[in-house]
Amino acid sequence: MIEISRQVSIPDEELEITAIRAQGAGGQHVNKASTAIHLRFDIRASSLPEFYKEKLLTATHHLLTSEGVVIIKAQEYRSQEMNREAAIARLVALIRELTVVQKNRRATRPTRASKERRLAGKAQKSSVKALRGKVRRPQE
C-alpha cells in the first residue's frame with residue numbers, strides 16, 4: 001500500500017512494475033542483471049478519488065501519456081530494490097505535485113505611503129544621475 005496522503009493511498013496491485021535491463025555503461029553487471037524498473041500506473045483504472053483523477057488527467061507532464069498512464073523508468077541505482085523504491089517515490093511526488101490546490105490571489109492596491117516612497121526614490125535617482133553630467137564653466 002502506497003500512501004499519498006492521510007486519506008489517499010494506492011494498493012500495490014494497481015502498479016505494474018517490470019524489471020528491465022539498465023542502459024549505459026556499467027560493464028558485465030549491467031549486461032546480465034535486470035536492475036532498472038519500469039513502472040506503469042493507469043490513472044483511469046485506479047482507486048484514486050475523482051478529484052485526484054481529474055487533476056492528473058487534465059495536467060500536462062512528460063511522465064503522463066495521453067491515455068492517462070504514468071510511465072516512470074528508474075535506473076539510478078545498481079540494486080533493483082532501490083530502483084523500485086525510487087520509482088514509487090517519484091510517482092508519489094508526481095501525484096502530490098499535480099494535485100496541489102492553488103490559493104486564489106486577491107488583487108491589492110499599493111498604499112499612498114508606498115507610492116510616495118517609490119516617487120521619492122525615483123526623484124533621488126534622478127538627481128544623482130543629473131549630477132553625473134559634464135561640468136560647465138560659467139560664461140565670462
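The two residues Ala33 and Arg21 have their closest heavy-atom pair at O-CG, 4.0 Å. The shortest non-hydrogen separation linking Arg90 to Ala74 is NH1-CA, 3.9 Å. Of all heavy-atom pairs spanning Ala87 and Ile72, the tightest one is O-CD1, 3.8 Å. Here the closest non-hydrogen pair linking Arg96 and Glu3 is NH2-O, 3.6 Å. Across all their heavy atoms, Gly68 and Arg44 have their closest contact at N-NH1, 3.7 Å. When all heavy atoms of Ala19 and Gln80 are compared, the pair lying nearest together is CB-NE2, 3.2 Å.
If you chain together hydrophobic residues whose side chains sit under 4.5 Å apart, Met82 and Val92 never meet in one group. Grouping the Ile, Leu, Val, Met, Phe, Trp and Tyr side chains by contacts below 4.5 angstrom, directly or via other members, places Ile20 apart from Ile71. By the criterion of side-chain heavy atoms lying less than 4.5 angstrom apart, applied directly or through intervening Ile, Leu, Val, Met, Phe, Trp or Tyr residues, Val101 is grouped together with Leu94 in one hydrophobic cluster. Linking Ile, Leu, Val, Met, Phe, Trp and Tyr whenever their side-chain heavy atoms come within less than 4.5 Å puts Val8 and Leu98 in one cluster.
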Next on the checklist: Apply side-chain contact (heavy atoms from CB on, under 4.5 Å) to residues Ile10 and Leu48 and explain how you reach the verdict.
Outcome noted: CA-CA 7 Å; Ile10 302 171; Leu48 287 172; 4.1 Å; yes

Next on the checklist: side-chain contact (heavy atoms from CB on, under 4.5 Å) for Thr18 and Leu39? Distances and angles first, verdict last.
Outcome noted: CA-CA 6 Å; Thr18 316; Leu39 182 142; over 6 Å; no

Next on the checklist: Test side-chain contact (heavy atoms from CB on, under 4.5 Å) on Val69 and Ile43; report intermediate values, then the result.
Outcome noted: CA-CA 6 Å; Val69 178; Ile43 297 167; over 6 Å; no

Item to check | Chi angles and distances behind the side-chain contact (heavy atoms from CB on, under 4.5 Å) call for Tyr52, Ser5 | outcome: CA-CA 11 Å; Tyr52 277 70; Ser5 67; 3.7 Å; yes

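Contact of the Glu16 side chain with the Phe41 side chain is not registered, since no non-hydrogen atoms from C-beta on lie closer than 4.5 Å. Inter-residue side-chain proximity for Arg118 and Lys122 is flagged as met; some heavy-atom pair is nearer than 4.5 Å.
With rounding to the nearest 0.5 angstrom, the OG1 atom of Thr58 is 9.5 Å from the CG atom of Leu64. A distance of 6.5 Å separates CZ of Phe51 from OG1 of Thr99, quoted to the nearest 0.5 Å. For the atom pair CD1 (Ile17) and CZ (Arg40), the distance works out to 13.0 Å, reported to the nearest 0.5 Å. With rounding to the nearest 0.5 angstrom, the CD1 atom of Ile37 is 4.5 Å from the CZ atom of Arg84. Atoms CG and OG, from Leu131 and Ser126 in turn, are 9.5 Å apart once rounded to the nearest 0.5 Å. With rounding to the nearest 0.5 Å, the separation of NZ in Lys53 from CG in Asp42 is 9.0 Å.
Other cluster members for Val100: none, since no ILVMFWY side-chain heavy atom sits under 4.5 Å from it.
Classification of Glu97 and Lys55 as a salt-bridged pair fails, no side-chain N sitting under 4.0 Å from a carboxylate O.
In Glu54, the CD atom is not crowded: 12 or fewer heavy atoms of neighbouring residues, nucleotides or ligands sit closer than 6.0 Å.
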Can you give me every donor-acceptor pair (side chain of residues 104-116, partner residue at least two apart or in another chain, under 3.5 Å) with its distance?
residue: Thr111; atom: OG1; partner: Ser114; partner atom: N; Å: 3.2
residue: Thr111; atom: OG1; partner: Ser114; partner atom: OG; Å: 3.3
residue: Ser114; atom: OG; partner: Thr111; partner atom: N; Å: 3.2
residue: Ser114; atom: OG; partner: Thr111; partner atom: O; Å: 2.8

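Looking at Thr35 and Gln75, their side chains never bring a donor and an acceptor atom within 3.5 Å of each other.
Side-chain N or O atoms of Asn83 include none that pairs as donor or acceptor with a backbone N or O of Arg78 at under 3.5 Å.
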